[in-house]
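Since the structure comes first, as structure tokens, the remarks are kept for the end.
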Amino acid sequence: MTTPALEAQGISKRWPRTGAVLADCSLRVERRTVHALIGASGSGKSTLLRCLGLLEPPDAGSILVDGVLAVDQGFVAQDRSVRRSVGMVFQEPSLFAHLSALANVALAPHRVLGLDPDAARNRARSALDRVHALHLADRRPDELSGGERQRVAIARALVMEPTVLLCDEPTSALDPLLTREVMAVLRELALDAGTTMVVVTHDLDFVAAAADSVDFLHAGRIRMSGTADLLGTRGLDDELDRFLQRS
Amino acid sequence: MAVASRAAPRGCNRASTTASINGVLRTLAPVLALLATMAAAADDGLSRVRASGIMRWGCDISGGAPFAFPDPSDPDRVIGFEVELAEELAHRLGVRAERFSADWLALIDALEADRCDLLINGFEVTADRARVVAFSSPYFRYAQQLVVRAEDRDRFTSLADLAGRPIAVLNGSASIESLRSAGVPPSLIVEYDDSLAPFTETVIGRVDACLQESFIARFFAGHDPRLAVVDATFDPGVYAVVVRRGDDALLAAVNAALADMRADGTLGRILQRWGLWSDAQRELGTDRGPIVATIPEAIGTPPEDGLPWSLVLWSLARAAAMTALLTIVSMPIATFVGLLLAIAILHGPKPLSRFCHGYVLLTRGTPLLVQIFLLYYSLPALGAWLGIPELLTWNKVVVGIVCLAANYAAYEAEIHRAALQAIPQSQWDAARALGFTRAQTLRFIIVPQSWRLSLPAIINDLNSLIKDSSLVSMIGVQELLAVALGIGKASFAVPSMLVAAAAFYLALSLLADWFGQSLERRARTVGALPEPIHR
């Protein structure tokens, strides 16, 4: 069996004031596959993704990225190369407002990877090209539409060539038209380029078309795991049925 | 002899801008005195003077004529009877005179902090002061004299005639004590901070008379047809050179030189030149010497053909350059240090964060003026204590810049803190996910954005710093306001000099705004990666 791109075991997390959000979540994401996290709002999927993205230290559990221990018993490794191997796209694009689209994408290759500015820019251009945003290279973030911004944000994560790309409801802030534009890019990345992804999403069409595996979260626990076929089932689990009915 | 109990008897001094400062200084006096005693370990003044070949004498050149003041026809030159006295004294000690300027109220502290060797600036010999400093034998005898409106010349011929009427005096002067001891109720003693104000208030009629030291009454009112000087004088007193207590060798040398100057007519000649001679001076043993004419500067009237504006403007322009220098050097330091403080407060380890927060609270919570004074007058003591007397060599401009920068850094820190906190957490998350360290995130992502937010407030502070920089005139830095007031008082043109100074301030302020706008424009343009540099 090959090493999975991402493996999480027993992730638990509770907020000091509001109580438990994650309880004993484990998952395994194989290379060149797309893993979807679905569930109602407040089910803990965004928190789980932030833990996987090493932005939030879990209280317990471990996370391996490409076989390397990134979180061990709740402690996040300080090794920056591990952190770089997990890319992240957020609900809000959060582009760096003071930089052009190109510079947004090129900054990390230049400053984090240490590439010289020309090499960083070339790499950024090809990343922008992959999300069909090369023509936006010189625009400022406030000159871009929401969908364009999110595509640049995807390019900014991709340019670091992460082992796995984590997407946290990347279209929740977009209208349906822009949603389609961004999901098309993600689908292309998943199906054509074979990018390993973990996607938190409400877009079940995307899950059906692109996801190789699906986890259904409810009340901080992974309640059901399976393939995208899970979406077509009824009667297996009450909560899943209720969720699918509402979505 | 009149004994004044207040801190600052003196013929004519101070700008109204420094009025509120008096209280602060009085409160500070014990602290400064303590610091000064720490520094008083310095060896005796005479050997220092002889060794360096320089006699540093302290005075306040904004005190106005005829003491030591900017020459109205050449404002760069400081003239006055005390300037000539100091030069003659230095000559007789075999050294060169070097003037040290500071606000009059700070002169004794400056002396005790060894910023100068002695003071010659209308210091009246009083019992209170004699407990703190040592006085030489006197060089001038004065008395109190009333000035009334010309039309009241025959109505008010003595203090008794003015019973129940308001009388103007210079704030803190010996005249107040004279009136009090004569039984005038405090409600009728109207104090003014400006030396000219008692006269103008008399002319206007808000008060019916003003009481001044006699030669000042004659100097300012003697040539004004709207005013009359009442003949009788009372409550005489004397001026003497001030030296540090215990500086006996220097005091003896000064006394010997003064005795010679009184006996050989040199002092008499100087007093005659400045129109200050009166037969009362003989009571001090001063010989009149050969009769000499009064010099035009001593007549005490405005220059006939008005102010020499080209010279005055040139002086103001150079003083404005000093103001600009103080601002241009302090503000970038304040902005940068403020940023470091804000980052330390928000992101530093707890002890550092607390320390920096404490610094901001302390600095914002105490007057800038107090900080300037404390630093300037404690440096020598600190240097002696630390065994690095080089600290003494910090000149007043450097002290001024350090104080302005340190004070404004606290304010800029709060501006930066607000701006840093306004950058959404998602920017930090995005940077962290890309592998940026915290330091890199601050440097390349957070600060470039917070800078844009803080810039308008910083430019606003730059504007107020231009004007706050006038506070360093208290330690004798000749910046715009101090120079304008000095010239104004010496040439009876305070209002027009203030307007001229205001015009220069406005010009500086507009320049600052223009600079700020171009900075904001630059900050708004979209950033690109830096061009390749040698790495």
Side-chain angles (χ1 to χ4, degrees), chain A residues 49-50 52-56 76 78-121 124 137-143 153 156-160 162 165-166 168, chain B residues 335 339 342-343 347 349 415-416 418-459 516-535:
Chain A
L49 199 75
R50 284 177 66 84
L52 297 177
L54 313 183
L55 292 176
E56 212 69 73
V76 179
Q78 293 306 305
D79 186 353
R80 286 168 70 198
S81 65
V82 179
R83 182 174 293 288
R84 288 204 301 268
S85 57
V86 183
M88 192 117 186
V89 177
F90 301 86
Q91 295 185 19
E92 299 287 337
S94 56
L95 292 184
F96 305 137
H98 61 301
L99 296 175
S100 69
L102 182 67
N104 256 280
V105 182
L107 188 65
H110 176 48
R111 297 294 180 186
V112 177
L113 300 181
L115 299 184
D116 69 58
D118 280 332
R121 273 189 288 260
D138 296 326
R139 300 262 194 93
R140 295 193 327 215
D142 59 7
E143 294 169 335
R156 186 175 66 178
L158 284 177
V159 78
M160 299 299 279
L165 180 66
L166 309 181
D168 185 6
Chain B
T335 307
L339 178 63
I343 289 172
H347 304 289
I415 292 173
H416 284 301
L420 286 168
Q421 284 178 316
I423 303 300
Q425 176 63 29
S426 60
Q427 297 277 306
W428 282 93
D429 285 346
R432 222 166 130 205
L434 288 167
F436 285 95
T437 61
R438 277 159 76 85
Q440 283 179 320
T441 307
L442 274 169
R443 185 169 158 210
F444 300 119
I445 294 159
I446 305 299
V447 170
Q449 296 183 61
S450 70
W451 169 243
R452 294 183 189 190
L453 297 179
S454 53
L455 202 47
I458 289 173
I459 296 303
Q517 274 163 14
S518 67
L519 267 187
E520 281 183 45
R521 255 197 311 279
R522 261 193 63 184
R524 267 201 303 274
T525 57
V526 63
L529 279 183
E531 288 310 308
I533 39 170
H534 297 292
R535 288 161 21 92

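To find a chain, count down the sequence lines: A is the first, B the second, and so on, and within it residues start at 1.
- Separating the CZ atom in A:Phe96 from the CD1 atom in B:Ile423 is a distance of 11.5 Å, to the nearest 0.5 Å.
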Quiz prompt | Derivation and outcome, side chain to side chain contact (heavy atoms under 4.5 Å, CB included), residues B:Asp429 and A:Arg50 | solution = CA-CA 9 Å; B:Asp429 285 346; A:Arg50 284 177 66 84; 2.9 Å; yes
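- Heavy-atom distances place the backbone of A:Leu54, and not its side chain, under 4.5 Å from chain B.
- Between B:Arg452 and A:His98 the shortest heavy-atom distance is NH2-CA, 2.9 Å.
- Across B:Pro424, B:Pro448, B:Ala433, B:Ala430, the residue that shares the most heavy-atom pairs under 4.5 angstrom with chain A is B:Ala430.
- Contact record, A:Ala157 with B:Leu434: CA-CD2, 4.3 Å, taken as the closest heavy-atom pair.
- For the pair B:Phe436/A:Leu107, a side-chain contact is recorded, criterion being any heavy-atom separation below 4.5 Å from C-beta on.
- For A:Glu92, the CD atom sits in a loose shell: 12 or fewer heavy atoms of surrounding residues, nucleotides or ligands are nearer than 6.0 Å.
- When heavy atoms are compared at a cutoff of 4.5 Å, A:Leu95 approaches chain B solely by way of its backbone atoms N, CA, C and O.
- Residue B:Ile445 holds its CD1 atom at 8.5 Å from CG of A:Asn104, rounded to the nearest 0.5 Å.
- The contact between B:Gln427 and chain A is made by backbone and side chain atoms together, counting heavy-atom distances below 4.5 Å.
- Here the closest heavy-atom approach between residue B:Gln449 and residue A:Ala97 is recorded as OE1-CB, 3.5 Å.
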